[in-house]
There are 2 protein chains.
Amino acid sequence: MTVRMKDIATDLNLSKMTISKVLRGQMDVSAKTKARVLQRMKELNYRPNISARSLRTGQTLSIGLIVPSLADPIYTDMARSVVKHLRLANYSVLLSSAEFEPDLERREIEQQLSRQVDALILASVQKSDELVELTRTIQTPLVHLYPGSVLFKSNAVDLHEEEIGHLAASHLVRVGCRRIANVRGPESVASDLRYKGFRAALSEVGQRVRPELTTEADALPAEDYERGVLAAERFLKSKVQPDGIVCHTDLIALGVMDRLSDAGRNIPNEIAVIGCGNDPKLCEMRIPLSSVDFSLGEIGEQTAKLVLKLLASNGPSKVKSVEVSPTLVVRASTSRLDKLSTDRGRR
Amino acid sequence: MTVRMKDIATDLNLSKMTISKVLRGQMDVSAKTKARVLQRMKELNYRPNISARSLRTGQTLSIGLIVPSLADPIYTDMARSVVKHLRLANYSVLLSSAEFEPDLERREIEQQLSRQVDALILASVQKSDELVELTRTIQTPLVHLYPGSVLFKSNAVDLHEEEIGHLAASHLVRVGCRRIANVRGPESVASDLRYKGFRAALSEVGQRVRPELTTEADALPAEDYERGVLAAERFLKSKVQPDGIVCHTDLIALGVMDRLSDAGRNIPNEIAVIGCGNDPKLCEMRIPLSSVDFSLGEIGEQTAKLVLKLLASNGPSKVKSVEVSPTLVVRASTSRLDKLSTDRGRR
DNA sequence: CTGAAAGCGCTAACAG
DNA sequence: CTGTTAGCGCTTTCAG
């Protein structure tokens, strides 16, 4: 069957203790036996049984990560970064998806706790009292991750949603827009926060938010591209024509741009358009799209660091929350010839 | 500390054996004690230690899945389906990404084997002898997964690449195309196979493959959208104008369509365009794009089933390979008014 | 430098 | 129906 320490030990007339020491790189073994042991391990393809080790040591060197979905790059990008940075500290990650089902999420949490993860990272899909209760009873260190981390008053790393709207709007202001429209996403906390940032950016420079240039959350189809097309159509009919449009997603922005182009509008000179998400596939077509990048890699890195800090400090350390800022990526859809250099300088 | 069986046992003046039996739902426990035990488990938030159980039983009820990347929906879509179908059989999945690094892939394999996965599913990024050797030495049941499964003469589930090209080309033939062009992807096994299927489809109906309407693998930029734009440009200058174009990816197809539209060509009536991948974000814009769907969910399901079969039949069962067929999704970019109904009927 | 003993939390096999 | 014994593969502790 499978090779154990004992097999190597008897092969070499040693005790399994010595094998264990070699395995873990302890210093009190002669160079010669060490070499013999390593040699035999190679030959037999020995692989330590981590279950057994964990049972003894009480730690698994594994960390659970539960995300809402694997179908959305938002989560996989964060996950990739978390995995990468935890691996540097020799931790493995048990990655699960809750598939946006609260019930499945709960089961995955239980499952990972049963597998004795040393810490748990949760990008939750729900805000139920039941979950809050559950997360309070567990001993395992827990870090909440965007989205949904806002609701838990504990260790959390989140994306600064408000700043997304602010960044987009103030960029348009800087390239000279005076009548800035906003195509909002479907009703959600994130959508509200981005809109709040948007309004703040306008009011800071004395511009007012025009209701006729703001779409209601539920007045448009949920399909993003179509949503953008219809929003643009509405703006084209409006009394006040916008000269800049902030879109809740990149795909909405593409719909907007297509409709505006069809109507003969020049982008970016007549109307500048900016999206959110900085999706590589969507931002490099026809008129390359300026977008607000969510800094998902940074979020993952901060999360990994917070977890490691928690693990290092034994005992319930102080609650710490981190909010990561999005970044602006300027491309053709907002690059007006006269303003471009100024704006690049401010990035 | 953490709650163990023993705690519940002493609390209730029982032996831990009884607790174990309740936990596993064995029948030889009185309803009354069973209720008491379950009650106390709830109260104390007891969670069985899976490391300990695995050590004893020799199985972890976990299965390793290693994919080349988490950044590409091809892999995450397969992974989601694998996870879903293995969960139905009560297995957890340890999901890792090799990030396209052969070295990391090898380390992840070792890691998962050390964690005693009951079986391993590998969508490999490499074809090295070293890896083939490694996979031959391990005792753990192994299933190879698209892509890269071709090279291993063992349990494998693969996508029928050749059929992708065939499906796309024969669809264009059916809607009446006579001069079908092909925009190939960068040099790869997959690209060659799809092209092979493409040629087969044409020759089956007596059409010839025209060199001037086939792009060389390396003659164009690697960036897909731009690749499509330039390919279309070349076709527009060609002596023979194509009336249908098969594209290696959806993004290439978008580039192609944009360039053709700019040149005033009508899609689909003058030129029909079809992509591969059926990416939801990319296929629903302007002229909705017909595409060949890779049936990734089906691949995942077949993989899960093969693994479960392997696990059920103890002993080295016969090698089994499955090849999953892609499917055609017809949208506006190939829907010619006169031929549409015929074609829909054949789907 | 090497090794013997004990036990992590759980369950298989068998007794009562 | 309930409990006893033994041991999974490893590491901690302490003795040679």
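Hydrogens, waters and symmetry mates are skipped; everything else that's a heavy atom, side chains included, is used. Below, read A as the first sequence line, B as the second, and so on, with proteins coming before strands; counting in each chain starts at 1.
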* Give the B/S/- string for nucleotides 7-16 of chain C, one per nucleotide from 5' to 3', where a protein heavy atom under 4.0 Å of the base yields B, of only the sugar-phosphate yields S, and otherwise -. => BBBBBBB---

For residues 60-68 of chain B, please give each side-chain donor-acceptor pair under 3.5 Å, one per line with the distance, not counting sequence neighbours.
residue: Thr60(B); atom: OG1; partner: Ser62(B); partner atom: N; Å: 3.3
residue: Thr60(B); atom: OG1; partner: Ser62(B); partner atom: OG; Å: 2.8
residue: Thr60(B); atom: OG1; partner: Gln116(B); partner atom: O; Å: 2.9
residue: Thr60(B); atom: OG1; partner: Asp118(B); partner atom: OD1; Å: 3.3

* Going through the distances and angles, do Gln59(A) and Ser54(A) end up as a side chain to side chain donor-acceptor pair (under 3.5 Å)? -> CA-CA 5 Å; Gln59(A) 63 166 347; Ser54(A) 301; over 6 Å; no

* To do: Dump the intermediate steps for side-chain contact (heavy atoms from CB on, under 4.5 Å) on Val82(B) and Ile299(B), then the final yes or no.
  => CA-CA 8 Å; Val82(B) 169; Ile299(B) 292 180; over 6 Å; no

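Backbone-only engagement by Thr33(B) is indicated by non-hydrogen atom pairs under 4.0 Å involving sugar-phosphate atoms exclusively.
Note on residues 38-53 of chain A: pairs passing salt bridge (charged side-chain N to carboxylate O under 4.0 Å, His left out), not counting sequence neighbours, are Asp11(A)-Arg40(A), Arg40(A)-Glu43(A), Arg47(A)-Glu110(B). Sorted by first and then second residue, the pairs that involve residues 66-82 of chain A and meet side chain to side chain donor-acceptor pair (under 3.5 Å), not counting sequence neighbours, are Arg80(A)-Glu99(B).
Taking the C1' atoms of five terminal pairs at each end of the helix from dC1(C)-dG16(D) to dG16(C)-dC1(D), the two resulting helix axes are inclined by 40°, rounded to 10°.
Arg136(B) CZ: 12 or fewer foreign heavy atoms inside a 6.0 Å radius.
Between Thr18(A) and dG3(C), a side-chain N or O to OP1/OP2 separation shorter than 4.0 Å is present. An OP1 or OP2 oxygen of dC8(D) is reached within less than 4.0 angstrom by no side-chain nitrogen or oxygen of Ser54(B).
Residues satisfying the side chain to side chain contact (heavy atoms under 4.5 Å, CB included) criterion with Leu38(B), sequence neighbours excluded, are Val22(B), Lys34(B), Met41(B).
No donor-acceptor pair under 3.5 Å is formed between the side chain of Ser20(A) and the backbone N or O of Lys16(A).
Between the CD1 atom of Ile8(A) and the P atom of dG9(D) there is a distance of 13 Å, rounded to whole Å.
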